[in-house]
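When a residue number appears, it is its place in the shown sequence, counting from 1. Counting starts at 1 for both ligands and their atoms, in listed order.
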Amino acid sequence: MYLNREEERIYEGEEGWAYQIAMRILVKLGDLFGADRLIPIDSAHVSGVSYKTIGDAAIEFLEALAKAGAKSKVRSTANPAGIDYSHLEEMVNLPRLRERQVRIIELYRSMGINPILTCTPYYIRRPREGVHLAWAESSTVIYANSILHSWTNREGGPSALAAALIGKTPNYGVHKVENRQANVLVKVKTDLRDEAEFGALGIHVGRILKDEIPCFEGLLKPDETQLKHLGAAMASSGMPSLFYPCVSCPKISDKLEKLSVESDDLKNAFESLSTTNEAPDMIFIGCPHCSLEEVKQIALRIRGRRVNGNVKLWVCTSRYVRRKTENYVKIIEAAGGKVISDTCAVVTWLKELGVDVLMTNSAKTAYYAPTMNKVETIYASLDQCIEAACRG
Ligand code: F3S
């Protein structure tokens with residue numbers, strides 16, 4: 001990969017160890033994937049923030065970078081952590097876990113990474129169309145490419161951090177226009193009613209297509225929430241970082257490989273996301289973190305009702321959205337639900353909270369929780385989740 005003189009100086013360590021290691025990560029990645037050069041980025045979004053998922057070795061690396069004076073060169077944000085410090089009564093409250101989690105957040109902050117602790121940074125600041133980003137967190141990446149029309153590869157935590165420190169990313173993958181073409185036309189031959197069915201579609205298509213880029217035919221005016229669930233699910237069971245929601249251009253679609261999705265495919269994918277018939281201990285809504293509209297919809301459904309004492313209701317969103325929806329948050333909390341920020345059911349210590357059965361309207365959570373959290377799952381629509389929360 002070509003480096004200019006300034007980049008070479010950094011590569012050789014003339015700007016210090018932290019920038020040298022960051023540059024070396026980017027060059028290694030660029031060489032591996034055939035990048036020609038580094039390109040400037042508008043922002044970085046870093047994952048690897050929850051102590052539950054990264055552990056002590058990663059903290060040592062972050063300590064070393066911070067000590068060596070590492071600072072982000074571009075606007076940078078961080079994904080959810082393992083604890084919401086405003087709801088400690090809801091969290092696993094062990095002093096060591098708390099202390100370690102605080103340390104991670106402080107280390108990111110000291111490097112100029114804004115600890116907004118959300119996987120939906122685009123609800124706080126929407127990047128412009130066509131800008132290059134270095135974002136980690138698969139649901140965030142696929143949303144950025146497909147809905148916001150910004151351009152980012154699916155970064156890992158270390159490569160997003162390295163890009164933040166250098167302010168650049170290697171030019172490969174979906175940063176290149178020729179790699180952003182759809183290669184499979186997915187013909188959806190059944191009507192989708194809600195976000196959970198969009199999630200089931202995403203799981204089905206992701207399993208089949210792996211990293212190919214689909215465009216969809218037959219989605220009837222999907223809204224951004226439904227597309228968020230479709231993308232997050234597809235990026236969980238597969239590796240795509242981009243999809244095209246609607247196709248009406250026969251010139252493109254004629255050339256593409258075709259995949260038909262029938263109602264049975266959707267039903268099977270939906271059912272595969274539930275592992276038990278037992279009653280849930282927790283209902284979790286907000287993976288990816290809720291938008292203003294989603295918080296509103298939950299409040300409207302639960303207004304005047306009461307969450308059953310046998311079950312917890314968690315609604316996860318960013319602090320920004322929580323603030324903006326204060327009146328709806330009050331309705332949800334008056335009903336006995338909790339509107340949690342900074343974390344989610346997947347990246348916190350769920351099992352230790354006494355949760356054995358998790359019910360959710362998120363296909364991504366239902367896909368990962370049995371392995372990542374060792375819990376049984378029930379996959380259902382938002383309406384069914386609210387009903388179950390009130391019924392217990
Ligand atoms: Fe976000 Fe947690 Fe889901 S980080 S995408 S809410 S698993």
Worksheet item: Checking side-chain contact (heavy atoms from CB on, under 4.5 Å) for the pair E224/S291: CA distance, chi angles, key distance, verdict?
Response: CA-CA 10 Å; E224 287 195 359; S291 63; over 6 Å; no

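In this structure, the protein non-hydrogen atom closest to atom 1 (Fe) of ligand 1 is C119 SG, 2.3 Å. Ranking protein heavy atoms by distance to atom 3 (Fe) of ligand 1, first place goes to C287 SG, 2.3 Å. For atom 4 (S) of ligand 1, the closest heavy atom belonging to the protein is P80 CG, 3.6 Å. The protein heavy atom nearest to atom 2 (Fe) of ligand 1 is C344 SG, 2.3 Å.
Close approach of ligand 1 to E137 (heavy-atom distance below 4.0 Å) involves ligand atoms 5 (S). When each atom of ligand 1 is checked for a heavy atom of G286 under 4.0 Å away, the hits are 6 (S). Interface of S139 with ligand 1, defined as ligand atoms under 4.0 Å from a residue heavy atom, comprises 5 (S).
At a threshold of 2.8 Å, atom 3 (Fe) of ligand 1 has no backbone or side-chain N, O or S atom of H289 nearer than that distance.
Annotation for K71: atom NZ counts as buried by contact number, over 12 foreign heavy atoms lying within 6.0 Å. With a 6.0 Å radius and a threshold of 12 heavy atoms from other residues, nucleotides or ligands, K267 has its NZ atom at or below the threshold. Heavy-atom contacts from other residues, nucleotides or ligands closer than 6.0 Å to NZ of K351 number more than 12.
The closest side-chain heavy-atom distance from R391 to N308 is not below 4.5 Å.
Listed here is the closest heavy atom pair of S72 and G112: CB-O, 3.9 Å.
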